[in-house]
Student: 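I'd like to ask some things about the structure below.
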Amino acid sequence: MRKLWTMALLLALGTRLHAQEQRFPVIPYPQQLVPGTGEFVITKDTRLVLPAHAGRYSNETAQLQSLIRQGLGYSLKVAAKAPAANVIILRLNDALAGEEAYTMQVNPQQLIISAKGAAGFFRAVETLRQLMPPFTEGSAGGHVTAVNIPAMDLKDQPAYAWRGMHLDVSRHFFSIDYLKKFIDLLALYKMNKLHLHLTDDQGWRIEIKKYPLLTQQGAWRTFNNQDSVCMQQAKNNPDMAIDTAHIIHKNGKTLYGGFYTQAQMRDLIAFAAARHVEIIPEIDMPGHMMAAIRAYPYLSCSGESGWGKDFSTPICPCNEATYKFAEDVFSEIAALFPSEYIHLGADEVEKTSWAKSPLCATVMQQNNLKSVEELQSYFVKRMEKFFHSKGKRLIGWDEILEGGISETALLMYWRSWVPDAPVKAARHGNKVIMTPGNPLYFDGVPDRNSLSNVYHFNPIPKGLTAEEAAHIMGAQANIWTEWIPSEKRADYMFMPRMTALSEVLWTNRQDYGDYLQRLNEHYARLDQLGVHYRLPDLDGFTEDNVFVEPVTLRVRKPLENLSIRYTTDGTIPVAASPVLPADYRISEPQTIKLAAFSPAGNRGDIYTLHYRKQSYAKPAGITPAVNGLQLDYFKGSFKTTRVIKAAPDTTVRVANIVIPEGLGPAGAAFGARLQGYIQAPETGIYSFFLTCDDGGMLYVGGHETVNNDGWHAPLQKSGQVALEKGWHPFRVDFVEGGGGYTLKLEYSVNGSPLQPVPDTWLKTK
Ligand code: ACM
């Protein structure tokens, strides 16, 4: 039966495999793995030897048995004494470095797992899970009579203690069942923290027994303008439809929402704990509290709720009734969640209602507070003291630095445009969790660069000494759900991006090519688990194409088992659309929409390919002599490249498409224009790929070649231009809205791999 598993694997994976990937497709990759010879074969005759104090590890043993049962259809018999061969041994080893560390020695006779305790055993079980046939996931078992584990000597432990995912269940609500599926995926990839954003303006999601209106009223809303955007997008993408499971009809009204009872949350916490995932609750205050203020209007300074310039009216930090409410709420939260951490939020506070309040004027005077920022800090510090009285530590978003941070609070860094916030906090001695918007806000729609961006993320901010860097506990990706109305959309947004983050945080080793190869082995398991992940990208084309002679479109697919379907009538490709021929001939201008479909029916991103007929652009008729491009730098905030002002503030020369630091303040908004000439070494059709955050435009040979304009997260767009051999006018316009930018130009000719435009191709008169 070994053959059965091998056959299934080969069928599922096609012919791409070489031996190494096939043997150890583990993500995150273990810290040390020395492959051995042969395999350990688990069969019904394999015996299991439990560790000392076995009762303490019954959860982890049960999960190992369940894994084996999903394959073989039965659990292993437990032996008191290890036989000489065909045995799995669980062993305690106090000498291991940390609670999550484990080793695994596998040879044809034995499979020995050692760990210091439960967490290490659990991480080992998840490694084994990834080495088992994907089709056994969630099955009743009995499909195979043997499961082979490759021989190896493995030593593993995490690089970072905080390996987190966040989910906003307020803007859109997610069922307990979905949260369990989410937690199981965290566990599969050795992530260990789940930060639940339980409250916000758009809905209060956790039962608080002392304040029943928080959920009776605050958990429900009529559809808001974010819902309407989703509904609009659902016309082309069913994943954007509002989940009907969370819509109710009450007193003639249609309401959206939901909440978790404390009993449900207790059950979820236990489910997570069994998978060594800790749930950290966030009750966001003093801002983002509209749902609560509507239910209990006395919480705001004026008794009113509403929106200021950017954010909603906060609760009043100058009123003792507010503290009574907050302490009551956090007393229930502290009792419910066993985590040592509680997240207070404290981000994005609109403080004008405080500035206007006579009560706040008095409190500020009495406490010698000079600004409303200090008033916010007063609130946070008071809450922290209360958290300490409950044995809990406070986490806050990085705004808690403003107005003064305590010695003990943990800072969760998110504002990419305030790059020194984590540095300041670490130097101040505070622990820091890194969640910078770019690349860790997973509500940003993923594209073909997202995996690489996450994989190459360094959790340690620039400028810290090794000693200061020890304050960085790890990192976390955040999923804000204003525009994520369904479970399928949530899956798409975080998978497979989370697997890249897991390797950053557990292994802290960068081998992107190897990671991508291993990731390809995971899709079958994710299909089996019902995960609606984002399919890997198709290649071999640009979005905006030109042709001089008829051309052939040859799409490359990363997985053999994907089918590519297309339309030419402007409609979205569906599972019944025709399959794109391997060689698709184009002789007339047209627009092709294509998408990959997995065997499970999961649709990948839709690519729209425009084909325009063009003749080769004549060269400019000059030979520019000066290396590099002219860069004009424009101070100011421009929403698109079309509205960049006329006169540059600075003009410099650059060797390539780069914007040197120091032309303006770090993190500031600006516009830029890079211009000169580009060399086409041969007559041909050149494809350009412009990746930018925020907006950019590329003009070559007098043609608009790539339009990637407008403010957005890093996004790649591509286009083509037909060029005769010689020098052609070249220009990139770029706008950055503030907070750090990305600007990258690559090219390809005749389907060659993408490469940076070489310096020697760029000159000025
Ligand atoms: C946040 O994104 N407001 C923390």
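Any value given below was found using the heavy atoms of this structure, including those in side chains, with hydrogens, waters and symmetry copies removed. Whatever order the structure lists them in is the order used to number ligands and atoms, beginning at 1. The residues of the chain are indexed from 1 along the displayed sequence.
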Student: What residues form a side chain to side chain donor-acceptor pair (under 3.5 Å) with K392, not counting sequence neighbours?
Tutor: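 Partners of K392 under the side chain to side chain donor-acceptor pair (under 3.5 Å) test: none.
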
Student: Quick one: do the Y260 and D267 side chains pair a donor with an acceptor below 3.5 Å?
Tutor: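 No.
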
Student: Could you tell me, for ligand 1, which of its N or O atoms are under 3.5 Å from any protein N or O, listing the pairs and their distances rounded to 0.1 Å?
Tutor:
unit_1: ligand 1; atom_1: 2 (O); unit_2: Y441; atom_2: OH; d: 2.6
unit_1: ligand 1; atom_1: 3 (N); unit_2: D347; atom_2: OD2; d: 2.6
unit_1: ligand 1; atom_1: 3 (N); unit_2: E348; atom_2: OE1; d: 3.3

Student: Go through the structure and list residues passing salt bridge (charged side-chain N to carboxylate O under 4.0 Å, His left out) with D200, not counting sequence neighbours.
Tutor: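 In terms of salt bridge (charged side-chain N to carboxylate O under 4.0 Å, His left out), with neighbours along the sequence ignored, D200 is linked to R171.
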
Student: Hydrogens and angles aside, do W414 and E399 bring a side-chain donor and acceptor to less than 3.5 Å of each other?
Tutor: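 Indeed, the side chains of W414 and E399 share at least one donor-acceptor pair under 3.5 Å.
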
Student: Can you tell me which residue pairs pass the side chain to side chain donor-acceptor pair (under 3.5 Å) test with a partner in residues 302-316, sequence neighbours excluded?
Tutor: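 As it turns out, the side chain to side chain donor-acceptor pair (under 3.5 Å) pairs with a partner in residues 302-316, which skip direct neighbours, are D201-S312.
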
Student: For D328 and S331, which I'm curious about, is there any donor-acceptor pair between the side chains at under 3.5 Å?
Tutor: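 The answer is no; no qualifying pair exists.
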
